[in-house]
Amino acid sequence: MAKMIKFTKMQGAGNDFMVIDGVTQSISLSADTIKKLASRQFGIGFDQLLLVESSTVADFKYRIFNADGSEVSQCGNGARCFVRFVVDQGLTQQNEISVETASGIITPKLEAQGLVTVNMGAPRFTPESIPFVAETAANSYVLEVNDQSHNIAAVSMGNPHAVLVVDDVETAPVESLGSVIEHHPRFPERVNVGFMQILNEHHIKLRVFERGSGETLACGTGACAAAVSGIQSGRLSSPVKVSARGGELSIAWQGANTPVMMTGPAVTVFTGEIDLDAI
């Protein structure tokens, strides 16, 4: 018997998602099935799969799976698509919702002109909270990669990020260096790697190599991590416009233990049904 599930394809600044309603549908997905669905040739194609579930502590629960089938704790662009999805599907009448994630509760809010603002919570800089192997917290660390030294910032936005400042994101070795740093032994849970070009104190360009997915057209938590690391080091000032290959995000952060506020688009591309037994 065919196992049909309904889904929605969405994107936020070019970071694309398969979003599934697990509230009104019974959903059970193996890592192998997710990898097949993620295939752009043989499946739906996406950077991450987002699963909407019921929660006992918030309005909804939000689970995130990378294209390789691994589950992760947070995804900023996905969070914006999440609130757009539950409103459009009639799962809530509220424009601002609380959402349970593996790294805590977030509160996305629908704004005017189709934009969504997400309270991403406060960034974490202590090595054990990232996690990152270092004796003490610092604004910058030296990371040895293939007999070369690279200065990075390390920060958690509910998931681990390494941020490198580069002269030009277009010529930065995103694929080759990003894939090596992702698996660096000082990041025991792997890491997302951001390559940041500073245009001025309020504007950066950014490319991100995401763990489990490779380079994506945009990364919401990566944009937060890059802006926060630049503000923390005194090179950037809030708010920061982040220009990714897929679009632009706005990041505001007042420092210390205050939350990071991320604003950007969330767009439905198409809806459909797929037979899980057929892929």
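Along the sequence shown, the residues carry numbers beginning at 1.
- Panel note: side chain N159, backbone Q74; a donor-acceptor pair is recorded below 3.5 Å.
- What you find for L177 and V145 is that their closest heavy atoms are CD1-CG1, 3.8 Å.
- In this structure, T107 OG1 and N119 CG are separated by 4.0 Å, a value rounded to the nearest 0.5 Å.
- Exactly one residue among E210, R211, Q48 makes a side-chain hydrogen bond (donor to acceptor under 3.5 Å, both in side chains) with N66. That residue is Q48.
- Panel note: side chain N139, backbone S233; no donor-acceptor pair is recorded below 3.5 Å.
- Listed for the W253 side chain is a donor-acceptor partner under 3.5 Å among the backbone atoms of T258.
- Side-chain atoms of D275 come within 3.5 Å of backbone N or O of K3 as a donor-acceptor pair.
- The 12-atom threshold is exceeded at CG of D168, counting heavy atoms of other residues, nucleotides or ligands nearer than 6.0 Å.
- Summarising the local packing, NZ of K9 is surrounded by more than 12 heavy atoms from other residues, nucleotides or ligands at distances under 6.0 Å.
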Pair up each side-chain donor or acceptor in residues 259-266 with any protein partner under 3.5 Å, not counting sequence neighbours, and list the distances.
{"from": "T263", "atom 1": "OG1", "to": "T117", "atom 2": "OG1", "distance (Å)": "2.7"}

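- Identified under the ring-ring contact (aromatic ring centres under 6.0 Å, His included) test for residues 132-153, with sequence neighbours left out: F132-Y141, F132-F187.
- Relative orientation of the F60 and F82 rings is perpendicular, given thresholds of 30° and 60° on the angle between their planes.
- Scanning for salt bridge (Lys or Arg N to Asp or Glu O under 4.0 Å) contacts around K36 gives D32, with sequence neighbours left out.
- Counting non-hydrogen atoms of neighbouring residues, nucleotides and ligands closer than 6.0 angstrom, the CG atom of N200 exceeds 12 such neighbours.
- Y62 contributes a side-chain N or O that, together with a main-chain N or O of C75, makes up a donor-acceptor pair within less than 3.5 Å.
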Checklist entry - Does the side-chain hydrogen bond (donor to acceptor under 3.5 Å, both in side chains) test come out yes or no for E201 and S237, once each step is laid out? => result CA-CA 5 Å; E201 66 175 330; S237 297; 2.7 Å; yes
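- Looking at residues two or more places apart in sequence or on another chain, you find a side-chain contact (heavy atoms from CB on, under 4.5 Å) between R245 and E170, R207, E215, L217.
- Residues forming a side-chain contact (heavy atoms from CB on, under 4.5 Å) with E128 (at least two apart in sequence, or on another chain): T126.
- Counting only residues at least two apart or on different chains, the salt bridge (charged side-chain N to carboxylate O under 4.0 Å, His left out) pairs with a member in residues 37-47 are D16-R40, R40-D47.
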Item to check | N77 and R80: CA distance, side-chain angles, deciding distance, side-chain contact (heavy atoms from CB on, under 4.5 Å) verdict | outcome: CA-CA 5 Å; N77 288 324; R80 296 198 315 278; 2.7 Å; yes
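- Within the structure, ring-ring contact (aromatic ring centres under 6.0 Å, His included) pairs that include any residue of residues 189-235 do not occur (at least two apart or interchain).
- Applying the side-chain contact (heavy atoms from CB on, under 4.5 Å) test to D21 and every residue at least two apart in sequence or in another chain returns V23, T24, Q25, F85, L91.
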Item to check | Q254/S238 under side-chain contact (heavy atoms from CB on, under 4.5 Å): CA gap, chis, key distance, verdict | outcome: CA-CA 7 Å; Q254 302 308 314; S238 180; 3.7 Å; yes
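- Note on residues 171-189: pairs passing side chain to side chain donor-acceptor pair (under 3.5 Å), not counting sequence neighbours, are E182-R190.
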Item to check | H161/T221 under side-chain hydrogen bond (donor to acceptor under 3.5 Å, both in side chains): CA gap, chis, key distance, verdict | outcome: CA-CA 8 Å; H161 288 270; T221 56; 3.0 Å; yes
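- Remark: S39 engages Q41, F42 in a side-chain contact (heavy atoms from CB on, under 4.5 Å) (not counting sequence neighbours).
- Side-chain contacts under 4.5 Å among hydrophobic residues (ILVMFWY), followed directly or transitively, place I44 together with I5, F7, M18, I20, I27, L29, I34, L37, F46, L49, L51, F65, V269, F270, I274, L276, I279.
- E96 is linked by a salt bridge (Lys or Arg N to Asp or Glu O under 4.0 Å) to nothing, counting only residues two or more places apart in sequence or in another chain.
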